[in-house]
Amino acid sequence: MAKKYWLMKSEPDVWSYDDHAAEGVAEWDGIRNYQARNFMRDDFEIGDTVLFYHSNHKPPHVAGICEVVREAYPDSTAFDPDAKYYDPKSDPENPRWLMVDLKAVRKLERPVSLAEIKANPALADMRLVARGNRLSIMPVEKAEYEEILRMAKSDPED
DNA sequence: GCCAACGTTGGC
DNA sequence: GCCAACGTTGGC
């Protein structure tokens, strides 16, 4: 299977790219949406590349790059009554929720904002800019990924 | 803080 | 299986 590209959202107040980079390799837990889970379960492979996106931030932006280093396995936070994302309906014998491990690869040269992505015609088809999109994990085309890397190397005014 | 869009829940 | 009510996401 060819290497794939993803975008994953996190609120930087909760878990930022720098937090992740400080850990090196970290779990991506707390996904409680079936569509997002299914991407991890069915399509994530070791070596896939992830754009780390900061949502609920001013401005929202892509902050850095990660790599999938462990494929989907049960999200243990769903079983922990004290965890924020505890889900009593997830049975350890048949886990409802999954997580992956990501390794921080590098920060972008500069953040690439949602406004810039929206303004770039080459990125008009990204799911990120689709109307009403709320998915926290979504596939990204290789060309879109490369365009965002290119933008990060250029000035925002371009 | 507002609110549009969307997902989930639960009564029927 | 429908759908109204409710909760959440996330940009603005």
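The sequence lines fix the lettering, A, B, ..., with proteins before strands; numbering per chain opens at 1. Given the structure is predicted, the values throughout are model-derived calculations rather than measurements.
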Practice task
Give a yes or no on whether A/E141 atom CD has more than 12 heavy-atom contacts from other residues, nucleotides or ligands under 6.0 Å away.
Solution key: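 Atom CD in A/E141 is not crowded, with 12 or fewer foreign heavy atoms closer than 6.0 Å.
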
Handout entry: Heavy atoms from other residues, nucleotides or ligands near CG of A/D125 exceed 12 (cutoff 6.0 Å)
Key =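 No, the 6.0 Å shell around CG holds no more than 12 heavy atoms from other groups.
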
Handout entry: A/Y5-A/L149 co-clustered via ILVMFWY side chain contacts under 4.5 Å
Key =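 Per the 4.5 Å side-chain linkage, A/Y5 and A/L149 are co-clustered.
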
Practice task
Answer with yes or no whether the hydrophobic clustering places A/Y34 together with A/F44; edges join I, L, V, M, F, W, Y residues whose side-chain heavy atoms lie under 4.5 Å apart.
Solution key: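 No; tracing contacts between hydrophobic side chains, which count when under 4.5 Å, never links both residues.
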
Exercise for the section: Identify the 5'-most and 3'-most nucleotides of DNA chain C with at least one atom closer than 4.0 Å to a non-hydrogen atom of chain A. Expected result: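 Answer, 5' to 3': C/dG7 to C/dC12.
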
Exercise for the section: Take A/W28 and A/F52, measure what ring-ring contact (aromatic ring centres under 6.0 Å, His included) needs, and give me the verdict at the end. Expected result: CA-CA 11 Å; A/W28 198 274; A/F52 193 120; 5.2 Å; yes

Handout entry: DNA chain B: 5'-proximal contact among A/R96 and A/K58 (nearest heavy atom)
Key =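 Residue closer to the 5' terminus by nearest nucleotide: A/K58.
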
